[in-house]
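Owing to the predicted nature of the structure, the values given are computational and were not obtained by experimental measurement.
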Amino acid sequence: NMSKYAFPAIFRWDEEEQVYDVTFPDIENCFTAGENQPEALENAADALALILCDMEDEHAVIPLPAPLDTLSAGEKGFVSLVAADTDAYREIIERENNPIKYARKQAGLNIKMLAELLGAPYRTVQEWNAGRRLPPPWVQRLIVEKIEANA
């Protein structure tokens with residue numbers, strides 16, 4: 001299971017919209033845009049990682065990247081390799097979606113240990129961990145701080 005990829009992207013300047021349109025010739029339905037080169041590159045990396053995670057999850061065949069020198073972007077555009085690390089991307093998504101679970105795992109605590117640390121019911125912590133019920137964001141931040149302080 002590969003987690004690091006690099007695919008060529010074509011960045012074409014759209015005069016009318018004043019953005020770079022980004023497409024990946026090797027990957028269907030993978031496109032994005034950006035108002036300038038750095039933003040377009042950042043959005044391209046995000047779009048690529050997201051679609052590759054989906055492809056991995058569905059056990060889809062991930063194609064080989066086309067050689068850069070076979071691609072052209074036209075005037076005002078450019079072709080660039082875009083890197084994606086699906087493991088790192090999944091970690092970022094997990095941290096954003098469930099900061100308590102992420103902090104718990106980083107600290108090496110199991111659910112029972114976290115419940116004891118917080119003086120919280122095991123069932124409640126289990127629900128948070130599964131992402132079924134999460135406390136408000138400000139409470140999540142306090143819990144994450146407490147976990148990190150005790151790590």
### Message
For E75, is the CD atom crowded, meaning more than 12 foreign heavy atoms sit under 6.0 Å from it?
### Response
no
### Query
How many angstroms lie between CG in D87 and CD1 in I92, if you round to the nearest 0.5 Å?
11.0 Å
### Message
For T86 versus A49, what's the shortest heavy-atom pair and its separation?
### Response
CG2-O, 4.1 Å
### Message
Whether R12 and D21 form a salt bridge (side-chain N of Lys/Arg under 4.0 Å from carboxylate O of Asp/Glu) is what I want to check.
### Response
no
### Message
Do I147 and L109 make a side-chain contact, defined as non-hydrogen atoms from C-beta onward lying under 4.5 Å apart?
### Response
yes
### For E56 against S3, the heavy-atom pair lying closest together
OE2-CA, 4.2 Å
#### Entry: NZ/NE/NH1/NH2 to OD/OE distance under 4.0 Å, D85 and R90
no
### Query
Any chain of hydrophobic side-chain contacts (each under 4.5 Å) joining F31 to L50?
no
### Query
So if you build clusters from Ile, Leu, Val, Met, Phe, Trp, Tyr with side-chain heavy-atom gaps below 4.5 Å, do I10 and Y20 land together?
no
### Nearest non-hydrogen partners of S80 and L68, listed with the distance
C-CD2, 4.3 Å
### Message
Rounded to the nearest 0.5 Å, what separates atom CG in L52 from atom CZ in F7?
### Response
5.5 Å
### Message
Can a side-chain donor-acceptor contact be found between E94 and Y89 if the only test is distance below 3.5 angstrom?
### Response
no
### Message
Could you measure the distance from the CZ atom of R104 to the CG atom of N110? Nearest 0.5 Å is fine.
### Response
7.0 Å
### Query
Going from SG on C53 to CD on E58, what distance comes out if it is rounded to the nearest 0.5 angstrom?
11.5 Å
#### Entry: Parallel, tilted or perpendicular, as decided by the 30° and 60° cut-offs, for the rings of F78 and F11
parallel
### Message
Within a 6.0 Å radius of atom CD on E39, are there more than 12 heavy atoms belonging to other residues, nucleotides or ligands?
### Response
yes
### Message
Restricting to non-hydrogen atoms, name the atom on F24 and the atom on A44 that form the minimum distance, rounded to 0.1 Å.
### Response
CZ-O, 3.6 Å
### Message
Any donor-acceptor pair under 3.5 Å linking the side-chain atoms of E96 with those of Y102?
### Response
no
### Task
Identify whether the distance between the nearest side-chain nitrogen and carboxylate oxygen of E116 and K112 falls below 4.0 Å.
yes
### Task
Check whether any side-chain heavy atom of I143 sits under 4.5 Å from a side-chain heavy atom of L118, and report yes or no.
yes
### Message
Strictly by side-chain hydrogen bond (donor to acceptor under 3.5 Å, both in side chains), give each pair with a member in residues 131-151 just once, sequence neighbours left out.
### Response
E127-R132
### Message
If I take atom CD from residue E42 and atom CD from residue Q37, how far apart are they, to the nearest 0.5 angstrom?
### Response
14.0 Å
### Message
Is there a continuous path of hydrophobic side-chain contacts, each under 4.5 Å between heavy atoms, that joins V19 to V79?
### Response
no
### Message
What verdict does the side chain to side chain contact (heavy atoms under 4.5 Å, CB included) test give for I51 and I27, after you've listed the backbone C-alpha separation in whole Å, the side-chain angles of each residue and the deciding distance to 0.1 Å?
### Response
CA-CA 9 Å; I51 209 153; I27 300 180; 3.8 Å; yes
### Message
Take a 6.0 Å sphere around CD of Q106 and say whether it holds more than 12 heavy atoms from other residues, nucleotides or ligands.
### Response
yes
### Query
Taking side chain as C-beta onward, heavy atoms only, is I100 less than 4.5 Å from L114?
yes
### Task
Taking the side chain as every heavy atom from C-beta outward, state whether L71 and P25 have any atom pair closer than 4.5 Å.
yes
### Query
Considering all heavy atoms of both residues, which atom of A120 and which atom of V125 are nearest to each other, and what is their separation?
CB-CG2, 3.9 Å
### Task
Measure the shortest side-chain to side-chain distance between N129 and Q126 over non-hydrogen atoms and say whether it is less than 4.5 angstrom.
no
#### Entry: Side-chain donor or acceptor of D26 paired with backbone N/O of A66 under 3.5 Å
yes
### Task
Any chance you could measure W128, atom CH2, to I111, atom CD1, to the nearest 0.5 Å?
11.5 Å
### Message
Please give me the minimum heavy-atom distance between V144 and P99, naming the atom from each residue.
### Response
CG2-O, 3.6 Å
